[in-house]
There are 2 protein chains.
Amino acid sequence: MQEHEFSRIERAPAYRLVYDAIEREILSGRLRVGDPLPAELQLAEQFGVNRSTVREGIRLLEQSGLVERDGGKRPRISLPHYLDLASSASRALILHSVTFRELWEASMVLEPAIAESAARNVDDAGLAELHANIDAMDANVKAFEGSAEADTDAFVKLDRGFHEILAKVGGNRVLALAHEPVTSLFIPTGQIILQRLKTYRRVLDAHRHIYNCLKDKDAAKARTWMHRHMDDFRRAYELTELAWDAPLDAVSLGITQATTYR
Amino acid sequence: MQEHEFSRIERAPAYRLVYDAIEREILSGRLRVGDPLPAELQLAEQFGVNRSTVREGIRLLEQSGLVERDGGKRPRISLPHYLDLASSASRALILHSVTFRELWEASMVLEPAIAESAARNVDDAGLAELHANIDAMDANVKAFEGSAEADTDAFVKLDRGFHEILAKVGGNRVLALAHEPVTSLFIPTGQIILQRLKTYRRVLDAHRHIYNCLKDKDAAKARTWMHRHMDDFRRAYELTELAWDAPLDAVSLGITQATTYR
DNA sequence: AACAGTCCGTTTGTCGGACAATTTCAATTA
DNA sequence: TAATTGAAATTGTCCGACAAACGGACTGTT
């Protein structure tokens, strides 16, 4: 006898339905971004469920970035900024034991492309921002060469900042989104390398070269310099004798710490 | 009288602290993946808060992918699969009115790189999977050319599947993650183009060429063919006279529909 | 031994009500 | 007009309760 295949019966809990309903209202524009969310009691009445159920639904919205709470004020409708997703992406990649090789190969694809499009799209404001970053890094490097005590932390932040400004200037949000987890995952490795090999000046010089290419709107040269810059990173990585295919360490990345919320 | 400036007091709500605490336990490995979450009452006792508060915290975990519910069973600890993030990424990009130009430029960067690394890393299983995909598409195309009624939907799914298999075969999860939102956002555009220009066979042929490059482990050629394939897509897009810089339409992407959960 | 049926403790989903703390907003006062 | 105040609205949290579903243990049938 032929057995009939039944499709699984799904019973979504009410709080999920609340989530879906409100999400739909937001995405369709009937609830506008920036507006405060209707009061919980009001929602409970409209949906015909208890306030607790509504609250659970709102928690889902909150975590998905569609609702933002500022202190004890009324929660507001908001659009999740695409870069906010990057931290989740980083976490997921870490938890799946992504290797440095994967990270570096991806950045060899992304960074030159970003540099290229940055050179094509950069404007005065972008150049100024990059210049400020380079100045700050310059001061930082000079401080290093003077004293023994080095603020590696600040340097790495500036380094990351430079690449992020480039991604922003490039104007391609898809690439910027793809790029963001990479830069954030590079941070701990960058710190190790800097401390061991003292490559501060070399990094700064590379950034200067890239900046100049942008000023000249020379996309091809910007790509080349970025390529060289990233390859430098690889060479430094090899010199420190870190393993290519070992998964990035969760602990050194500080993801075991509580996440900070703005 | 000089008024002292107090820094803002931040009081995270208790449900957020619950979320943080449990997240920490998971990320540190003290709660292992696959294990059921402790009972709500138990958690409430341990944290010294009410069960409702615990439940709200669990909703946050749920949405962040760290806890998975299967029917009415005990929720389990789980790791968010990195590709699961892609749908949130797609949504965020849509909501920020990303343009087709950005999407296409990003894919011109990602797809050839993926094809290249796929050619380097492909194994027999991967080749078989790609072959199956191509066979299915072949059948689909033949059906088109026989009857007037075309199953564009199935074709586009297969098309997307081919590119996703490539990304998987390439073995770089960072690139795969970056790539995923792009393919999913291309779907509606792909459907429009196919219906208007009937480019089925041309797509299939391109996939065949790429497949052959992979079989020969010719990375450079795989890159070239993919590049050509994507450029074809651009040309088709231009022929349909769709706007380059218009934001992708949220409605046609179906993101106003309730999300499906597995 | 394999299987269906039954019972029961546990756990989740949902409800109703309650109250303190904080925000909102309009009326009041300086 | 601008600052203040006070009441109403709203959120965060707690408590207690109950139905429904699940997980096992136990039992009886074939």
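Letters go in sequence order (proteins before strands), and every chain restarts at 1.
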Can you tell me the distance, in whole Å, between the [atom1] atom of [X] and the [atom2] atom of [N]?
{"X": "A:R51", "N": "D:dC15", "atom1": "CZ", "atom2": "P", "result": "15 Å"}
{"X": "A:Y19", "N": "C:dG13", "atom1": "OH", "atom2": "P", "result": "17 Å"}
{"X": "B:L17", "N": "D:dG12", "atom1": "CG", "atom2": "P", "result": "13 Å"}
{"X": "A:L41", "N": "C:dG16", "atom1": "CG", "atom2": "C1'", "result": "11 Å"}
{"X": "A:I58", "N": "D:dG12", "atom1": "CD1", "atom2": "P", "result": "8 Å"}
{"X": "B:D70", "N": "D:dA21", "atom1": "CG", "atom2": "P", "result": "15 Å"}
{"X": "A:N50", "N": "D:dA17", "atom1": "CG", "atom2": "P", "result": "16 Å"}
{"X": "B:R55", "N": "D:dC14", "atom1": "CZ", "atom2": "C1'", "result": "15 Å"}

For the pair [X] (side chain) and [Y] (backbone), establish whether a donor and an acceptor sit closer than 3.5 Å, ignoring hydrogens and angles.
{"X": "B:E102", "Y": "B:T99", "value": "yes"}
{"X": "A:H131", "Y": "A:L127", "value": "no"}
{"X": "A:R59", "Y": "B:E56", "value": "no"}

Select one nucleotide: of [options], the one nearest the side-chain heavy atoms of [X].
{"X": "A:K73", "options": "C:dG13, C:dT23, D:dC14", "result": "C:dT23"}
{"X": "A:R69", "options": "D:dC14, C:dT14, D:dG12", "result": "D:dG12"}
{"X": "B:S52", "options": "D:dT11, C:dT11, D:dC14", "result": "D:dC14"}
{"X": "A:V49", "options": "D:dT13, C:dC15, D:dT11", "result": "C:dC15"}
{"X": "A:A14", "options": "D:dC22, D:dG12, C:dT14", "result": "C:dT14"}
{"X": "B:Y15", "options": "C:dG13, C:dT24, D:dT13", "result": "D:dT13"}

Residues B:D20, B:R16: salt bridge by 4.0 Å N-O rule:
no
Looking at A:T53, does any N or O in its side chain come under 4.0 Å of the phosphate oxygens OP1/OP2 on C:dG13?
no
Using a cut-off of less than 4.0 Å, is there contact between a side-chain N or O of B:R59 and OP1 or OP2 of C:dT12?
no
Earlier contact from the 5' end, DNA chain C, for B:Q42 and A:G48:
B:Q42
Return yes if a side-chain donor-acceptor contact under 3.5 Å exists between B:Y15 and A:E62, otherwise no.
yes
